[in-house]
Amino acid sequence: MSENPAAPALELPAAERTGENVMVLNMGPQHPATHGVLRLVVELDGEVIVSVRPEVGYLHTGIEKTCEAKFYQQVVPLTDRINYLDPLSNNLCYCLAVEKLLGLEIPERAQWIRVLLTELSRLNSHLIWLGTHAMDIGALTVFLYTFREREEILRLFEAVAGQRMMTSYFRIGGLSMEPPLDWLDRVQAFITTFPEKIDEYSNLLTGNPIFMNRLKGVGYLSASDAIAFGVTGPPLRASGVDIDLRRDMPYSGYEKFQFKVPTSTVGDTWARYEVRLVEMRESTKIVQQALDGMPGGPVKADAPKIVLPDREKMKTEMEALIHHFKIVTEGFSVPAGEVYQGIECGHGQMGYYVVSDGTSKPYRVHMRYPSFATLQAVETMCKGRLIADLVAVIGSIDIVLGEIDR
Amino acid sequence: MTILEFFLWSLLKVAVVTVVMLLGIAYTVLLERKLVGRIQNRWGPSRVGPFGLLQPLVDGAKSFLKEDLIPTAVYRPIYLLAPILSLGCALISIAVVPFGANMGPHGFDLFEISNINIGLLVILGVTSMGVYGIALAGWSSNNKYSLLGSLRSSAQLISYELALGLSLVGVVLRAGSLNLRVIVEQQATLGIATWNIFGGFQFLAFFIYLMAAFAETNRSPFDLPEAESELTGGYHTEYSSMKFAMFFMAEYGNMINVGCVATLLFLGGWTSPLGNLMPPLQSTLVNALLPIFWFVLKVFLFLCLYVWVRGTLPRFRYDQLMNFGWRFLLPLAIVNIVGTSLWLAYR
Amino acid sequence: MNPTPYDWQYLPLLLQILAAFLLGMAMVTASWFVGRHRNTQVKLDAYECGIQAVGDARGRFSVRFYLVAVLFILFDVEMVFMMPWAVIYRRLPQITGSRLFGFWEMLVYLGFVAVGLYYIVRKGILNWSRDKADL
Amino acid sequence: MSFLQHDVPLSWYLLLSAVLFSLGVIGFLIKRNLITVFMSIELMLNAVNLSFVAFAYQWHEVRGQIFVFFVMMVAAAEAAVGLAIIIAVFRARATLAVDRIDLMKL
Amino acid sequence: MTSQTPTISGKQAVLDALPDHPAIQALLTWNPEAFIDAKFDFGELTLTIAPTEIRAACSAVQAAGYNFFEDMTAVDWFPASPRFQLSYHILSHAFKERIRLRVLLDESEPIVDSITPVWSGANFFEREVFDLFGIHFAGHPGLRRIMLPDDWQGHPLRKDYPVEGYR
Amino acid sequence: MHLILFFLFAGFCLAGAINLLLQTHPINSALSLIVVMTSLAVLYLLLGAEFLAIAQIIVYAGAVMVLFTFVVMLLNAGREERTLGSRAASRVGFPAVVALFAVLSTILLRAQGLGSAHLGQGLTNAPGQSNLVLLSQVLFHELLLPFEVTSVLILIAILGAVALAHAEGSKTGGSERMAEK
């Protein structure tokens, strides 16, 4: 097999290149502040950062390759494992891409429930970000408070999907099933109290001078740098670029919801913190709107060759049973073509690039995940700052190694 | 009393106080875990014994049974010496702390190991020696995290030691003595009204002392040396089993020491909030034990303050920490000295 | 009975010091004998987040730490000077006959020290984040 | 129990001081590391301090002790500046060996 | 209930259907020769660029307002020739629209200009494609494996890569 | 009692001093010096100078030696090569040291009029009274000028240390020369 002639050896650390007095410090993969198995090769001059080189791949599981051997529907559970903190966004993005290829129309109720769940999932993601970020800065308590609310969200997921983290609830063509009867009431109960909880975190952090001093003016990223590095989501908006795919390139019925897209022009870690806090409040509003205007109707598209029939039907109707059998054993074939579907997930712009060759298995699935691009901006944000700022910056860009390594 | 009797009595006192101190350390850990747990909506240790009361003992046993690693890259003699120095210094200060009125027969101090005229300075001296444990631990570990942690920590300790020492000058100015007993008794006249923190107008000094003490003990929000999100374990990254536990114990021991000193210097020591206004009781036993109760209560509340702060505040960045110490606390301490001396001159 | 001589009071302090360090040594020794030893090379390596350590950790470090230590000893001396002054302060008016004698003498002393502190701050010795550390 | 009451002749203290001072001088002569040489100097200072304290005790004169106090203070200042010089030398020569630092010029 | 958006394929057809599209305009004014093919499918515009010209094409669309490099990856059409397809997804913040630039590469010469001078954010993406497909990028600042260990054999996302690994 | 303590801590002192000379690693030497200093503090205590004893601990053992330790850590000073010093030092120095020591000890041992130290006897001959007050009285009244001058000394030391160690000008030259090595 072909060797890679162009691959150079590992770059020499700057100390050996320049003869300066620089200490090379490995942060990670086994390090509490790197949110997983990120490895940062940091060159320090005293406590001042000279360079940061991210080394990734410790969590690489070859999901893109695995997808090529699965039926279209079987890919959905794989996507959960990529950004495990925002599972339903993964599901949604993949389903939307395949539905685009199939040209499927999704019933409105399914769309609304998808929006509702995706926003809950975003809240989940932001809660974990807030907790771990605060913990990196040293505020232990916020972490446990956010996990208290995250637990509620996970219970909601469990009630609807039977799974807490790897939900796989969305199907190509709708949802896997109608949510349980009192589920919407439970969501309502949660979402009514949630803004107070945000206030609670805010009380602990926003006015806290230590927290403010740790974040303000740290990890500055200009709008042009952010765009050059492909930074998306809250970090991009905190740098002053007003782009949110939910509003600007709506999908899954987001155009029917009213929400503000918070931006800031400061571009430091504090701006990212504030943007995300406001985003949590806005997500709460979206969930409220989804609950208020929840339409009735089916939760699955009327496409018997693609969507699994209801259990009841499958047991009573011959045709449904045959469809069920065929979908489960052979999958369904998808017209040849290539589509790219981008959505706005908790961390930024997620994109699924699905190439079909007309068979029942995807020819190529590629995922664009925000953290992968955002990670490239770390060095720009940290250079010349202290090592403690690196921790603040990593926390503020909210990376998930699952989506970087895939 | 012959010197031999004195020696034996002293040995007994030392033994009792050391055991109590070790237990105190163990239960301070438990207190912190329980209290932080309650702050954070958790239970804290609750399985071993009633309310988790046996947890510290089990933890101690576990520390002993853990594998005792000495990494190959370390500089052994100093690597082994460092935890001994750390824990040793944490256990010495208690020797000059009086925790009850002088009750012993023949003028023998039952409630203080050694009643000396320069008690306050002894505490400062012991604190200044505590730096070695941390500096040497990090240096001998031959690990970048340890070295960074230990340099940070030693620089932090020595910086805040200044503020700590200078904040005490106000109290000494008032008392005119370095003897801790004299300092306490001087506060006892009107109870809470003559405590140094209120009556002595040493609130500023208490504030400086509090900040410096938090930094001296490496506690949140000054817990940078062990900021796990940056430096993993800080200076004790390479330490395992009991050697690690000794650093841990040293930290909590220092918390207790600092609490004791704060109680003695600012909060009236073992005297009750009513001070001498409270009529003496008839029972000798109660008279002996009540001061201990007050003393322990005050130290306990001080420790709770520690835990509360830990559950609430994030941590400083290193440059902010140094700036705070040098540019804010130190000048403030000098201002306090000038103010107090001026006030005392014109009073 | 006579009170015990004052200098005896140092004996228990000495004992306490002895006890503290003996206890420490006992703990280190005991844990060495009680704990298990199943060492492997990997366990004994220096910790660097799971990666083989690059270079010697005892590299040279920012000279700023040294400067902090210098400032510390100078201010420490000042603090030690201040303690006897604080002890005698309330008696100084009787000795010298001047109410503010002690105050002024310390104010002059502190003035010089404050000039030093001001110089340090102005010189940027304590600006950890601003410039790159030298050496 | 007679040994408990034994006094120590003051000359013993002075002798100890002399021994320490001589050790300091020897260290100054044989040590090759600039830092250790400096430590030997500190040792000499300490030795002299001991004799000061001893004489202060002998003559009941508190000024002897105060002089030691001043010596300490000077030693602290000296250590600060001396070690700063060592750092400056090290920066220029990248060595601490006394033998190699034989030029006045930095 | 299915609905298909109309597919427009072929350069001329797309030019006729979308005459005012800024990206197409930009590419036409830049170099009509290197702008090989176009397709409009599923509401997405795909523009095929000659392999040697991709960097310049990126600059051209960037200047036309497609300012945000969103994604790039490769597809291996194994037995077919040209074997590799590189897909660049570029988003315009102004037009709220995305285009896809496509480059087809022969197996014999899997090398293409790096677009990191245009968007430095392409760095990791190109390293990933290099790692998993073995496509080289000329002018990349540090082209080495990103996901897999440096001593890994082969490029797993190629279709002829044995899924059980090399024995 | 005094005798025992004297011998014990004089022994520590000597052992520390000798160890200081024997150790090749500067950090060990520094630790030995700390032992010497703390033992000296105890000896001061025996001579009735309790404030000096604790000042010795705080200033010498706790501050000056911290500085030494920092410098050793900072410069990563390794073991020194064991040489026997320069020739001039060994030819002139050692005889001189021996001679000096002989003269000193002869004088000290033959000196008349030196008393002996009794534990608990302070300067005032009144046991139990701290000499701290006495010391402070003299220091802050009679020796006012030297006291104020020390603050000038501290100021100068601060200026000197900062100027020497913080010199930006020498930075480039130094690192170049380091690179050559």
Side-chain angles (χ1 to χ4, degrees), chain D residues 3-4 6-16 18-20 22-23 25-27 29-33 35-36 39 42-43 46 50 53-54 56-58 60-63 65-66 68-70 72-77 79-81 83-88 90-92 94 96-97 99 106, chain F residues 1-3 6 10 14 17 20-21 26 29 33 36-37 40 43-44 47-49 52 55 59-60 63-64 67 71-72 75 77 80-81 83-85 89 93 97 101 104-105 108-109 111 114-118 123 134-135 138-139 143 146 150 153-154 157 160-161 164-165 170 174 177-178 181:
Chain D
F3 65 92
L4 286 177
H6 247 286
D7 289 351
V8 178
L10 205 67
S11 51
W12 291 16
Y13 279 100
L14 297 174
L15 207 57
L16 177 66
V19 172
L20 285 179
S22 308
L23 283 172
V25 176
I26 293 173
L29 292 175
I30 66 165
K31 295 308 269 186
R32 300 269 55 87
N33 188 316
I35 301 178
T36 353
M39 285 182 206
E42 293 291 330
L43 184 59
N46 270 288
L50 180 61
V53 177
Y57 180 87
Q58 168 74 16
H60 302 294
E61 179 51 79
V62 78
R63 277 158 213 255
Q65 293 190 4
I66 292 176
V68 172
F69 200 34
F70 282 132
M72 271 182 204
M73 134 94 257
V74 173
V81 178
L83 288 169
I85 292 175
I86 289 181
I87 284 181
F90 183 80
R91 218 187 248 155
L96 286 174
D99 304 339
L106 272 180
Chain F
M1 195 65 190
H2 196 155
L3 197 67
F6 173 78
L14 286 176
L20 165 71
L21 302 188
S29 300
L33 194 52
V36 174
M37 284 167 174
L40 276 178
L43 293 182
Y44 290 175
L47 289 171
L52 268 194
V59 175
Y60 258 128
V64 175
L67 192 64
V71 172
V72 173
L75 302 182
E80 62 184 290
E81 315 94 86
T83 61
L84 256 179
V97 172
F101 179 68
L104 275 177
S105 43
L108 293 175
L109 289 175
L114 284 177
S116 53
H118 179 73
L123 295 177
L134 189 65
L135 186 142
V138 177
L139 177 60
L143 295 176
T150 55
L153 183 66
I154 287 182
L164 279 167
S170 71
R177 256 176 251 169
M178 254 184 244
K181 282 191 77 75

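Order of the sequence lines sets the chain letters (A, B, ...), proteins ahead of strands, with each chain counted from 1.
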With side-chain contact (heavy atoms from CB on, under 4.5 Å) as the criterion, how do D:Glu42 and F:Val36 come out once you've worked through the C-alpha distance, each side chain's angles and the decisive distance to 0.1 Å? CA-CA 11 Å; D:Glu42 293 291 330; F:Val36 174; over 6 Å; no
Tell me, with the steps shown, if D:Leu16 and F:Leu43 meet side-chain contact (heavy atoms from CB on, under 4.5 Å). CA-CA 11 Å; D:Leu16 177 66; F:Leu43 293 182; 3.3 Å; yes
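With chain F as the partner, the residue from D:Gly27, D:Ala76, D:Ala75, D:Ser22 showing the most heavy-atom pairs under 4.5 Å is D:Ser22. Taking chain F as the reference chain and counting heavy-atom pairs below 4.5 Å, the highest number among D:Val68, D:Val74, D:Leu23, D:Val25 is found for D:Leu23. If you tally non-hydrogen atom pairs under 4.5 Å between each of D:Ile66, D:Val81, D:Leu15 and chain F, the highest count goes to D:Ile66. Counting heavy-atom pairs closer than 4.5 Å to chain F, the top-ranked of the candidates D:Ile26, D:Leu20, D:Leu43, D:Asn46 is D:Asn46.
The CG atom of D:Asn33 sits 8.0 Å away from atom OG of F:Ser29, with the distance rounded to the nearest 0.5 Å.
The heavy-atom pair separating F:Leu47 from D:Tyr57 by the smallest distance is O-CD1, 3.0 Å. Of all heavy-atom pairs between D:Gln65 and F:Ala49, the closest is NE2-CB, 3.2 Å. The two residues D:Ala80 and F:Ala161 have their closest heavy-atom pair at O-CB, 3.9 Å.
For chain D, no part of F:Ala63 is nearby; none of its heavy atoms comes within less than 4.5 Å. Proximity to chain D involves both the backbone and the side chain of F:Leu52, based on heavy atoms less than 4.5 angstrom apart. For F:Leu40, the part lying under 4.5 angstrom from a heavy atom of chain D is the side chain only. In this structure, the portions of D:Phe69 lying under 4.5 Å from any heavy atom of chain F include both its backbone and its side chain.
A tilted orientation is assigned to the rings of F:Phe6 and D:Trp12, their planes being inclined by 30° to 60°.
Inter-residue side-chain proximity for D:Met73 and F:Leu153 is flagged as met; some heavy-atom pair is nearer than 4.5 Å.
Evaluated for a side chain to side chain contact (heavy atoms under 4.5 Å, CB included) with D:Leu83, the options F:Val64, F:Val71, F:Val72 yield exactly one hit, F:Val71.
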